[in-house]
Peer 1: 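Structure in C-alpha cells, see below.
In the text below, chain A, chain B and the rest are named by the order of the sequence lines, each starting its count at 1. Quantities reported herein were computed from a predicted structural model and do not represent experimental measurements.
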Amino acid sequence: MYLKCDRIVGARKLFDRMPERDVVVWSAMIAGYSRLGLVDEARGLFGEMRSCGVEPNLVTWNGMLAGFGNNGLYDEAVGMFRVMLLEGFWPDGSTVSCVLPSVGCLEDVVMGAQVHGYVTKQGLICDKFVVSALLDMYGKCGFVKEMSRVFDEVEEMEIGSLNAFLTGLSRNGMVDAALEVFNRLKDQRVELNVVTWTSVIASCSQNGKDFEALELFRDMQAYGVEPNAVTIPSLIPACGNISALTHGKEIHCFSLRKGIFDDVYVGSALIDMYAKCGRIQLSRRCFDNMLAPNLVSWNAVISGYAMHGKAKETMEMFHMMQQSGQKPDSITFTCILSACAQNGLTEEGWHYYNSMSKEHGIEPKMEHYACMVTLLSRVGKLEEAYSIIKEMPFEPDACVWGALLSSCRVHNNLSLGEIAAEKLFPLEPANPGNYVLLSNIYASKGLWDEENRIREMMKSKGLRKNPGYSWIEVGHKVHMLLAGDQSHPQMKDILEKLDKLNMEMKKSGYLPKTNFVLQDVEEQDKEQILCGHSEKLAVVLGLLNTSPGQPLQVIKNLRICDDCHAVIKAISRLEGREIYIRDTNRFHHIKDGVCSCGDFW
DNA sequence: ATAGGGTTAG
C-alpha cells in the first residue's frame, strides 16, 4: 500500500521493522526504489538480500532491469540481463519488456534480434507488452523493415503496439507513413488513445508540420480524447516554430485549466515558445514561476536570451544557473557562444570557450567551433577564424565553413571566401545559399565573369535561390507570404500601403539599398523587387489587420536583408509599432526606428 | 492459485 501511494519512506520503515522478509517483500521494496529512480538504493538492497540469505528470483531481477532502464542506465540494464542469463534464469515476458527499451537505446540490434528469436521460440509473442517492446527496439535501432515485419505478423494489434509502431515510423523519418496509418485507422473508427494522438502531434511539430499539429490537437478533442500533461509540451513547439503567439497563449491557458502548473516539460516548452514568439519577458516569467527548473529549462531560458541577442542577460542567467547548482552541458555553451558571436564579444567568447574543458569538463564540439568562427570572422578577424578551423581536432563540417563564407561575404573577403567555398560546395552541393554568397562576393568586386560562372554552376545543377517567405499571425490565422507571390487576397491593399510608406520614407531621407537589388537579375528576383521581400509584405499585412499600437511578430526563413531591415525600422517609427522579426539567425526587436541588433547581424 | 515485476507519447 505504501509503495502504491509512492510513500517510499513509510514503506522502508515498515520494511526495516519486519522480523522476517521473504523474496516477495524484498522484490516489492526494490521495485519501489526503481520506480522512483533511486537506483542506488535498489542496487544496495539487491546485494543486501543475498547476504541475508534470500535468493532473488525472476521478479526481483525484472525490478532491477526496469530500474536501470527507466533511469538511463542502459548499459547496466543490458549487462544485468546478460548476468541473469548466465545464472540460468529463463526470461519471461516482463523481463523482455523491461530490457528491450535499453537494448533499443543502445541500438544493440544484435542483442535485440536474439531476444526476438528467444521470444518467438518461447511463444511470448502473444504478450502485448513484448510486442510493443520489440517494435520500439527495432524502431530505435533504425530497422524499419524488421519492425514492420513484427507489426504485420501479429494477429491482433493492440493499441500500445500500434503506438510503438507509429512512433517507430516517425523516429525514422517516415512521418508521412505514420500519418497515413494513423488517418486510416481514425477513419475506420479504431479506438485511438491519448498516446496515439500525442505521438502523431509530436512527430508533426518535430518535422515542420506545425499547422497539422495544431489541427490534430483540435481533432483529438473532437474525437473525445482528453489531452494530458504529455500532449501539451508536444504541441507547444509547433506554436513557437510558426510564431503563433495567440495559439501558444491559448494552449498555455488550456494547460492551466487542466491543473498543470509545475510540470517541468510544460514549463520548458513555454519558455522556448514565448521566446520564439518574440515575448522574452513572458518567457522569463515562465521560468521564474517554475518550482524546480532542470537543465532543459535553464537551457531554454538561456537560449531565449541568446536568440534575442541579449548577451548580458544570457551571461547573468548562466551565472545564476551555476549558483543554483545546475551543471551546464554542451548546449548551454552553444547558446552562450552564439550570444557572444551575435554581439561581437570576442574577449568573453574566448573566456567561455576556454572555460568549457578547463572548468566544466566539456570538450568543444562542432557547433562550438562554428560559433567561434562566426564570432571572430564577423568582427573582421577572418584570418584568426581560419586558423581555428585549421587547428580543429576533427574535420570541419558545412556549418563551420558556412560561417566563414558568410562572414567573408559581409567583409567581402575574396581569397578566404574562395577557400571556404571550395570546402563547402562538396559538403552541401545542393544548398543554393552557399553559391549565392560566393557570387555576391564576386559581384561586390565587380568580377562579373566569375559571378556569372557561379550562376551558371547553379543553373547546371538545377538550383535556384531559395524562395524567401515569411509568416505572420493575425488573430487566429497564420499567414504565409512568399516573395513575389501575388496570391494573397489582400495583396492590392498591401502594395498600396507599401507605396504610401515608401513615399513617406523617401521624404524623410531614406534611400533604397540598391546594391542588394543589383545582383538579382533572374526573372523571379525581378518580381521580388517589384513586390517587395516577403518580410515587408508580412509586416504591412500586420499593419492592415491589427489595431494601431499593437506589436507585430514576423518570422522569415532566410536572413533578413539590409533593405528590409532599414524599411521595417522606418515603419516602426512612422506607424508607432513594435515589430519582432525572427530570421534564421536571431531576433530583431524593432522600435522607434531602432533595432535591438544594433544593425550588426 | 496467490504476493512482487512490464510496453507505447515529451
Side-chain angles (χ1 to χ4, degrees), chain A residues 1 3-4 11 15 21-35 42 45-46 49 54 56-70 77 84 89 91-104 119 124 127-140 147 150-151 154 157-171 178 182 192-206 213 216-217 220 225 227-238 255 260 263-270 272 294 296-297:
Chain A
M1 186 275 287
L3 288 174
K4 287 208 171 114
F15 176 82
R21 289 168 293 204
D22 64 0
V23 63
V24 175
V25 179
W26 283 100
S27 303
M29 201 62 220
I30 286 172
Y33 278 129
S34 287
R35 265 195 301 272
L45 283 188
F46 190 76
M49 71 185 286
V54 183
N57 65 10
L58 193 59
V59 177
T60 328
W61 284 86
N62 289 350
M64 287 301 297
L65 288 181
F68 287 135
N70 296 331
M84 74 184 278
F89 283 98
D92 66 356
S94 283
T95 319
V96 169
S97 49
C98 281
V99 78
L100 277 179
S102 298
V103 173
V119 154
L124 294 172
D127 183 330
K128 63 179 182 181
F129 292 109
V130 168
V131 173
S132 15
L134 273 174
L135 293 166
D136 173 65
M137 181 276 298
Y138 279 127
K140 282 179 184 153
M147 177 179 76
V150 174
F151 185 77
V154 171
M157 193 40 66
E158 175 272 338
I159 187 74
S161 310
L162 169 70
N163 293 339
F165 180 62
L166 288 178
T167 307
L169 288 175
S170 315
R171 204 196 288 277
F182 170 81
L192 304 172
N193 64 15
V194 62
V195 177
T196 329
W197 286 91
T198 303
S199 162
V200 287
I201 288 175
S203 53
C204 283
S205 60
Q206 286 160 9
L216 282 164
F217 184 65
M220 80 181 280
V225 180
N228 65 14
V230 182
T231 317
I232 308 291
S234 310
L235 177 67
I236 293 174
S255 74
I260 303 169
D263 184 293
V264 70
Y265 288 97
V266 174
S268 306
L270 287 172
D272 182 65
N294 65 9
V296 178
S297 333

Peer 1: Among B/dA9, B/dG4, B/dT7, which is the nearest nucleotide to the side chain of A/V59?
Peer 2: B/dG4
Peer 1: Rounded to whole Å, how long is the line connecting atom CD1 of A/I30 with atom C1' of B/dG6?
Peer 2: 16 Å
Peer 1: Base, sugar-phosphate, or nothing for A/A269, non-hydrogen atoms under 4.0 angstrom?
Peer 2: nothing
Peer 1: Any base atoms under 4.0 Å from A/V96, or only sugar-phosphate, or nothing? Heavy atoms, all strands.
Peer 2: nothing
Peer 1: For the side chain of A/L58, counting heavy atoms from C-beta on, which of B/dG4, B/dG5, B/dA9 is nearest?
Peer 2: B/dG5
Peer 1: Side chain of A/D127, base of B/dG6: donor and acceptor closer than 3.5 Å?
Peer 2: yes
Peer 1: Quick one: A/N193 CG to B/dT7 C1', roughly how many Å, whole number?
Peer 2: 12 Å
Peer 1: How many whole angstroms separate atom CG of A/N163 from atom C1' of B/dG10?
Peer 2: 14 Å
Peer 1: Once you round it to whole Å, what is the distance between C1' of B/dG5 and NZ of A/K128?
Peer 2: 15 Å
Peer 1: Do the side chain of A/S94 and the base of B/dG5 come within less than 3.5 angstrom through a donor-acceptor pair of N or O atoms?
Peer 2: yes
Peer 1: Between A/S97 (side chain) and A/A133 (backbone), is there a donor-acceptor pair under 3.5 Å?
Peer 2: no
Peer 1: For the backbone of A/V25 and the side chain of A/D22, can you confirm whether one donor and one acceptor N or O come within less than 3.5 Å of each other?
Peer 2: yes
Peer 1: Using whole Å, report how far CE of A/M49 lies from C1' of B/dG4.
Peer 2: 10 Å
Peer 1: Does a side-chain N or O from A/N70 land closer than 4.0 Å to OP1 or OP2 of B/dT7, or not?
Peer 2: yes
Peer 1: To the nearest 0.5 Å, how far apart are CE in A/M64 and OG in A/S27?
Peer 2: 11.0 Å
Peer 1: Figure out the CE/P separation between A/M29 and B/dA3, and round it to whole Å.
Peer 2: 20 Å
Peer 1: Looking only at the aromatic ring of each residue, does the gap between the centers of A/F217 and A/W197 stay below 6.0 angstrom?
Peer 2: no
Peer 1: Base, sugar-phosphate alone, or nothing: which one does A/R21 contact when heavy atoms must sit under 4.0 Å apart?
Peer 2: nothing
Peer 1: Quickly work out the A/D136 CG to B/dG6 C1' distance and round it to whole Å.
Peer 2: 13 Å
Peer 1: Could one point to a donor on the side chain of A/S234 or the base of B/dG10 with an acceptor on the other under 3.5 Å away?
Peer 2: no
Peer 1: Which part of the nucleic acid, if any, lies within reach of A/N57 when heavy atoms closer than 4.0 Å are counted: base, sugar-phosphate only, or nothing?
Peer 2: base
Peer 1: Keeping A/S205 on the side-chain end and A/S234 on the backbone end, is there a donor-acceptor pair under 3.5 Å?
Peer 2: yes
Peer 1: Kindly point out which of B/dG4, B/dT7, B/dT8 is positioned nearest to the side chain of A/V195?
Peer 2: B/dT8
Peer 1: Ignoring hydrogens and angles, answer whether the base of B/dT7 and the side-chain atoms of A/S132 contain a donor-acceptor pair closer than 3.5 Å.
Peer 2: yes
Peer 1: Between B/dG5, B/dA9, B/dA3, spot the one nearest the side chain of A/D22, thanks.
Peer 2: B/dA3
Peer 1: Nearest to the side chain of A/A28, heavy atoms from C-beta on, is which of B/dG4, B/dA9, B/dG6?
Peer 2: B/dG4
Peer 1: I need the CG-C1' distance between A/L100 and B/dT7, as an integer number of Å.
Peer 2: 10 Å
Peer 1: Ignoring hydrogens and geometry beyond distance, is the side chain of A/D92 in donor-acceptor contact with the base of B/dG5 at under 3.5 Å?
Peer 2: yes
Peer 1: Name the closest nucleotide to the A/V24 side chain, picking from B/dA9, B/dA3, B/dT7.
Peer 2: B/dA3
Peer 1: Return yes if some donor-acceptor pair links the side-chain N/O of A/T167 with the main-chain N/O of A/N163 below 3.5 Å, else return no.
Peer 2: yes
Peer 1: Regarding B/dG10, can its base be found pairing with the side chain of A/N228 as donor and acceptor, where the two atoms are less than 3.5 Å apart?
Peer 2: no
